[in-house]
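Along the sequence shown, the residues carry numbers beginning at 1. These figures come from a predicted structure and were not determined experimentally.
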Amino acid sequence: QVQLVEAGGGLVQAGGSLRLSCAGSGRTSSSRAVGWFRQAPGKEREFLAAASWSGGSTTYADSVKGRFTLSGDSAKSTVYLQLNGLKPEDTAVYYCAASPTVVTSTRGVIYWGKGTLVTVSS
């Protein structure tokens, strides 16, 4: 069983930065790729970024490309999401996700973390 635990959320002013982390345990063939999604109040969960542990390019949603950066430490089974240039509309619960391959839809996700709240004030 794969467990994902996010950390790093909080309150930040517009234009500020945060770094989210996701510590994983119990890696299996169903968790060869990791990514981040977010869900704002009253909205559907949306894809942000994902990559495979085996390497290759990172896939980003157009809405965050150039502002958010996904990175990982395989030895620690931890992935990070650096959030720069934050805007009030980035306010959401941010979720870590694991899947067999890189996916950009919630349908392909096998494991979810419980999420960490990011609030951006104007």
Qualifying salt bridge (charged side-chain N to carboxylate O under 4.0 Å, His left out) pairs, either residue in residues 90-105, two or more places apart: Arg38-Asp90, Arg67-Asp90
Say whether Ser17 and Asn84, considering side chains only, have a donor N or O and an acceptor N or O under 3.5 Å apart. yes
Keeping the roles fixed (side chain from Thr91, backbone from Thr119), state whether a donor-acceptor pair exists under 3.5 Å. no
Leu4 CG to Ser21 OG distance, which is reported to the nearest 0.5 Å: 11.5 Å
Please answer: with hydrophobic residues joined when any side-chain heavy atoms are less than 4.5 Å apart, are Leu48 and Val79 in the same cluster? yes
Quick check: closest heavy atoms across Pro100 and Ile110, and the distance to 0.1 Å? CD-CG1, 3.5 Å
Val34 and Val109: same hydrophobic cluster, using ILVMFWY side-chain contacts below 4.5 Å? no
Can you see which heavy atom on Ser52 is nearest to which on Val102, and at what distance? N-CG2, 3.6 Å
With a 4.5 Å cut-off on side-chain heavy-atom distances among I, L, V, M, F, W and Y, is there a chain of contacts connecting Leu83 to Tyr60? yes
How many angstroms lie between atom CD of Gln82 and atom CG of Leu70, to the nearest 0.5 angstrom? 11.5 Å
Nearest heavy-atom contact between Pro88 and Ala14 is CD-CB, 4.1 Å
Working for ring-ring contact (aromatic ring centres under 6.0 Å, His included), residues Phe37 and Trp112: CA-CA 10 Å; Phe37 290 71; Trp112 292 100; 5.1 Å; yes
Using the rule that two of Ile, Leu, Val, Met, Phe, Trp, Tyr join whenever any of their side-chain heavy atoms come within less than 4.5 Å, decide whether Val64 and Trp36 are in one cluster. yes
Please step through side-chain contact (heavy atoms from CB on, under 4.5 Å) for the pair Thr59 and Phe47, ending with a clear verdict. CA-CA 10 Å; Thr59 301; Phe47 167 78; 4.1 Å; yes
Hey, does Leu18 have a side-chain heavy atom less than 4.5 Å from the side chain of Leu86? yes
Taking the side chain from Glu6 and the backbone from Gly115, do they hold a donor-acceptor pair closer than 3.5 Å? yes
So Ser25 and Gln1, do their side chains get closer than 4.5 Å, heavy atoms only? no
Would you check, one step at a time, whether the test side-chain contact (heavy atoms from CB on, under 4.5 Å) holds for Thr28 with Tyr111? CA-CA 11 Å; Thr28 71; Tyr111 301 102; 4.1 Å; yes
Nearest-0.5 Å distance that lies between atom OG1 in Thr58 and atom CZ in Phe68: 14.5 Å
How close do Ser99 and Val103 get, counting heavy atoms only, and between which atoms? OG-CG2, 3.6 Å
From Arg19 atom CZ to Thr69 atom OG1, the distance as rounded to the nearest 0.5 Å: 11.5 Å
With sequence neighbours left out, the residues meeting salt bridge (charged side-chain N to carboxylate O under 4.0 Å, His left out) with Lys87 are none
